[in-house]
Amino acid sequence: MQHLSEQEILRRKSLEELIKLGIDPYPAELFKVNVSSAEILKNYNINKLDYKNVSIAGRIMTRRVMGNASFAEIQDAEGKIQIYIKRDEICPGEDKTLYNTVFKKLLDIGDIIGIEGYVFTTQVGEISIHVSSLKVLCKSLHPLPIVKEKDGQTFDAFEDPEQRYRQRYVDLIVNPAVKDVFIKRTQLVNTMRNYLNNKGYLEVETPILQPIYGGAAARPFKTHHNTLDMPLYMRIANELYLKRLIVGGFDGVYEFSKDFRNEGMSRFHNPEFTQIELYVAYKDYYWMMDLVEEMVEKIAMDLHGTTEVKVGENSINFQRPWKRFTMFEAIQHYTGVDISNMDETQLREAAKNMGVHVDAKLGKGKIIDEMFGEKCEHLLIQPTFITDYPVEMSPLAKKHRSKAGLVERFEAICNGKEICNSFSELNDPIDQRQRFEEQLELGKRGDDEAMVLDEDFLNALEYGMPPTAGLGIGIDRLTMIMTNQHSIQDVLLFPQMKPKK
RNA sequence: GAUUCCGUAGCUCAGCUGGUAGAGCAAUACACUUUUAAUGUAUGGGUCCUGGGUUCGAGUCCCAGCGGGAUCACCA
């Protein structure tokens with residue numbers, strides 16, 4: 001038996017009382033709603049005649065009882081609206097039970113009711129609904145956190161992160177701004193989907209349970225299939241499957257992919273997260289940069305009506321064109337050192353001079369990556385493309401058409417963080433096999449994030465994949481920027497949490 | 001994983017050098033027919049995260065654990 005607080009016991013008693021009065025606290029039949037709170041508040045003053053007979057349902061959020069008349073606020077999916085309940089209006093006869101007992105005593109903040117009535121404006125000027133009938137739709141058994149508000153100031157906000165994430169339903173009820181973040185997240189996904197569909201690309205679904213995981217450097221979750229009696233891995237990326245589809249003759253495919261990585265958690269990392277990956281045949285990474293600019297600019301416009309987005313202290317402008325730097329140019333720009341022709345010994349020396357600590361085991365590519373990560377990335381606030389990465393770090397990207405040791409790869413950096421990763425895809429099957437073999441070597445040396453060799457993927461490439469541009473965008477990260485949220489947990493409805501006791 | 005801060009009523013938070021647990025909102029009762037953080041009067045409500053220890057006595061001090069936040073590391 002669960003432990004009940006005083007208030008929870010009282011609510012259960014009220015529930016019993018309602019039933020004794022012949023009122024079903026959880027009725028089965030639909031309640032006809034003909035308007036939303038937001039629509040009334042928006043349009044009532046424009047056309048008052050339309051709101052003589054409104055029927056609306058919502059949760060009781062506040063109550064102000066003044067004898068034989070009361071005000072309350074009810075909240076529906078779109079917002080809150082005040083209702084005015086007069087005893088003799090909802091109880092026209094001798095029997096005043098519905099008002100005196102049901103409304104005043106047995107109903108609580110948090111209960112859901114349906115009302116009918118007409119809209120009017122109170123003496124203080126607030127658009128309200130004058131209630132003519134009231135129906136109980138759902139009795140709530142837990143007291144709701146009470147958040148009060150005046151002149152834009154909030155009092156006693158429900159803000160303990162642990163409770164908010166564990167009981168997101170409560171968070172959504174009492175913190176309307178939270179709901180708005182998730183509406184924007186869906187708008188963001190819709191904008192992308194519409195944009196890509198309009199270009200004629202096909203949204204597809206590929207396996208989440210994979211016998212061989214691939215497409216990224218990460219540690220996977222491992223699971224087991226009972227009937228087949230074999231291990232399966234939850235995908236860390238869908239890249240290799242989408243490229244198989246390009247081999248198969250689709251010219252453009254994309255997937256919003258839930259990926260799973262068995263790694264540490266932080267305000268930027270949840271064990272499961274969402275990426276979109278896109279592959280388009282006969283294109284290269286320059287072409288893909290144009291697409292990213294256009295699509296992300298469109299997202300900003302659709303969400304905010306402007307390309308200018310506030311993120312923390314910064315104002316970020318997504319208007320095209322974005323700045324483009326090669327990785328070497330970026331390092332030269334921020335450190336004054338030109339590393340483009342350095343060998344490994346010189347690079348090690350340069351890193352030391354910059355104050356970048358590099359492990360003796362790191363190869364050339366990793367040293368460059370460390371320099372960029374420590375000296376440049378966090379300074380890139382406005383959206384910027386960084387291009388042409390060392391080949392060692394990009395086993396699935398095509399070698400650069402003119403620069404030895406580099407690949408045709410770019411990342412878009414924004415607010416000091418990567419928001420996408422893209423390359424001209426490696427379609428030379430012999431080169432790809434060599435790269436996988438280098439990864440195997442890394443794995444043997446103890447790198448538990450090294451890629452495994454996927455023989456079937458190589459087989460596909462050997463049939464021939466057209467030149468292809470590929471792209472991955474972290475949806476959670478992009479949503480954080482577009483909605484100005486500090487933590488990934490604030491853009492995931494149900495972030496991963498340890499069970500409580 | 002490391003460092004650091006936090007955990008007290010349904011919610012937001014006080015609680016001093018250790019001395020029987022406090023406020024506002026919410027709840028209960030009464031009053032009040034256009035209020036709005038409604039108001040007035042009265043009342044009830046606690047496993048002080050858990051387990052040890054020190055002490056005559058622990059919400060408070062010490063140790064361990066659980067959960068959470070922040071920062072750092074790996075990573076998207």
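The structure presented is a predicted model; accordingly, all values stated were derived computationally and were not measured. Values below: all heavy atoms of this structure, side chains included; hydrogens, waters and symmetry mates excluded. Per chain, numbering begins at 1; letters A, B, ... match sequence-line order.
Here Lys148(A) does not reach the OP1 or OP2 of G24(B): none of its side-chain N or O atoms lies under 4.0 Å away. Phosphate contact (OP1/OP2 of G68(B), side-chain N/O of Arg166(A), threshold under 4.0 Å): present. Contact check, Arg267(A) against U71(B): a side-chain N or O comes under 4.0 Å of OP1 or OP2.
Considering only side-chain atoms of Asp156(A), the nucleotide from U12(B), A76(B), U36(B) that sits closest is U12(B). If you check U34(B), U12(B), G69(B) against the side chain of Tyr165(A), the one that comes closest is G69(B). Here the nucleotide nearest the side chain of Ser266(A), chosen from A73(B), U34(B), U12(B), is A73(B). With U35(B), A76(B), U33(B) as the choices, the nucleotide that has an atom nearest any side-chain atom of Val124(A) turns out to be U35(B). Of the candidates U36(B), U33(B), G67(B), the closest approach to any side-chain atom of Tyr84(A) belongs to U33(B).
Under 3.5 Å, the side chain of Asp160(A) and the base of G68(B) form no donor-acceptor pair of N or O atoms. Between the side chain of Gln7(A) and the base of A26(B), a donor-acceptor pair under 3.5 Å is found. On a pure distance criterion of 3.5 Å, no polar donor-acceptor pair joins the side chain of Glu126(A) and the base of U34(B).
Nucleotides of RNA chain B nearest to Phe155(A) and Arg477(A) differ in position, and the one nearer the 5' end is that of Phe155(A).
Heavy atoms of Lys366(A) sit under 4.0 angstrom from primed sugar atoms or phosphate atoms, though from no base atom. Using a 4.0 Å heavy-atom distance criterion, Lys105(A) is classed as a sugar-phosphate-only contact. As judged by a 4.0 angstrom heavy-atom cut-off over every strand, His486(A) is placed among residues touching the sugar-phosphate backbone only. Looking at heavy-atom distances under 4.0 Å, Lys86(A) makes contact with a base. Residue contacts for Arg261(A): at a heavy-atom cut-off of 4.0 Å it reaches a base atom on one of the strands shown. Among the atoms of the strands shown, none is found under 4.0 Å from any heavy atom of Ala237(A). Residue Phe158(A) is classed as a sugar-phosphate contact, given heavy-atom separations below 4.0 Å to backbone atoms only. Within 4.0 Å (heavy atoms only), Asn262(A) reaches no atom of the nucleic acid at all. When heavy atoms are screened at a 4.0 angstrom cut-off, Glu149(A) is found touching the sugar-phosphate backbone but no base atom. Within 4.0 Å of Gln489(A), counting heavy atoms only, lie sugar-phosphate atoms of the nucleic acid but no base atom.
One can place CZ of Arg219(A) at 11 Å from P of G1(B), the figure rounded to the nearest angstrom. One interatomic measurement links the two molecules: CG of Leu144(A) to P of A27(B), which rounds to 11 Å at whole-angstrom precision. Following rounding to the nearest Å, Lys498(A) (NZ) and G7(B) (P) show an atom-to-atom distance of 20 Å. Counting to the nearest Å, the P atom of U33(B) and the CD1 atom of Ile90(A) are 15 Å from each other. The CD atom of Glu73(A) sits 12 Å away from the C1' atom of A38(B) (whole-angstrom rounding). Remark: P of A27(B) and CG of Leu10(A) are 11 Å apart, rounded to the nearest angstrom. C11(B) atom P lies 14 Å from atom CD of Glu6(A), rounded to whole Å. In this structure, Gln163(A) places its CD atom 14 Å from C1' of C13(B), rounding to the nearest Å.
Remark: the separation of the C1' atoms in U20(B) and C5(B) is 30 Å, to the nearest Å. Taking atom C1' on both U50(B) and G7(B), the two are 11 Å apart, rounded to the nearest angstrom. Only the P atoms considered, A42(B) is 29 Å distant from U8(B), to the nearest whole Å. Comparing G67(B) with G51(B), their C1' atoms are spaced 15 Å from each other, to the whole Å. Spacing between U4(B) and C13(B) at atom C1', rounded to whole Å, works out to 22 Å. Only the C1' atoms considered, U17(B) is 15 Å distant from G57(B), to the nearest whole Å. Rounded to whole Å, the C1' atom of A14(B) lies 33 Å from the corresponding atom of A2(B). Comparing U54(B) with U28(B), their C1' atoms are spaced 43 Å from each other, to the whole Å.
The pairing partner recorded for U20(B) is none, the criterion being a Watson-Crick or G-U wobble arrangement whose two distances lie under 3.5 angstrom. The nucleotide G40(B) finds its pairing partner in C30(B), both defining distances of the Watson-Crick or G-U wobble pair being shorter than 3.5 Å. Of the nucleotides present, C25(B) is the one that pairs with G10(B) by Watson-Crick or G-U wobble criteria, both distances under 3.5 Å. Pairing partner, G1(B): C72(B), with both Watson-Crick or wobble hydrogen-bond distances short of 3.5 Å. When both pairing distances are held under 3.5 Å, G59(B) makes no Watson-Crick or G-U pair with any nucleotide shown. Base pairing annotation: U47(B) forms no Watson-Crick or G-U wobble pair, as no partner gives both donor-acceptor distances under 3.5 Å.
With hydrogens and angles left out, the side-chain atoms of Thr206(A) and Glu255(A) include a donor and acceptor closer than 3.5 Å. No side-chain N or O of Arg87(A) forms a donor-acceptor pair with one of Asn100(A) less than 3.5 Å apart. Under the 3.5 Å distance criterion, with hydrogens and angles disregarded, a donor-acceptor pair is assigned to the side chains of Asn314(A) and Asn415(A). There is no side-chain donor-acceptor pair under 3.5 Å between Asn270(A) and Gln496(A).
A cation-pi arrangement is present between Lys417(A) and Phe268(A), with the terminal nitrogen or guanidinium carbon under 6.0 Å from the aromatic centre and inside a 45° cone about the axis. Judged by the 6.0 Å and 45° rule, Arg185(A) forms no cation-pi pair with Phe182(A). In this structure, Arg63(A) forms a cation-pi arrangement with Phe103(A), its terminal cationic atom sitting closer than 6.0 Å to the ring centre and no more than 45° off the ring axis.
Residues Tyr201(A) and Tyr254(A) place their aromatic rings such that the two centres sit no closer than 6.0 Å. Between Phe423(A) and Tyr285(A), a ring centre-to-centre spacing not shorter than 6.0 Å is recorded.
Evaluation of the side-chain contact (heavy atoms from CB on, under 4.5 Å) rule for Glu17(A) yields Lys20(A), Leu106(A) as partners, not counting sequence neighbours.
The stretch residues 35-45 of chain A participates, sequence neighbours left out, in these side chain to side chain donor-acceptor pair (under 3.5 Å) pairs: Ser37(A)-Asp76(A), Glu39(A)-Tyr51(A).
The ring of Phe71(A) does not lie on top of the base of A38(B); it is either too far (5.5 Å or more) or too tilted (30° or more). For A76(B), the base is stacked against the aromatic ring of Phe273(A), per a cut-off of 5.5 Å between centres and 30° between planes.
In this structure, Lys184(A) pairs ionically with Asp180(A), as a charged nitrogen and a carboxylate oxygen lie closer than 4.0 Å.
Taking a 4.0 Å limit (strictly below) on heavy-atom distances, residues 48-68 of chain A reaches RNA chain B at Arg64(A), Val65(A), Met66(A), Gly67(A), Asn68(A).
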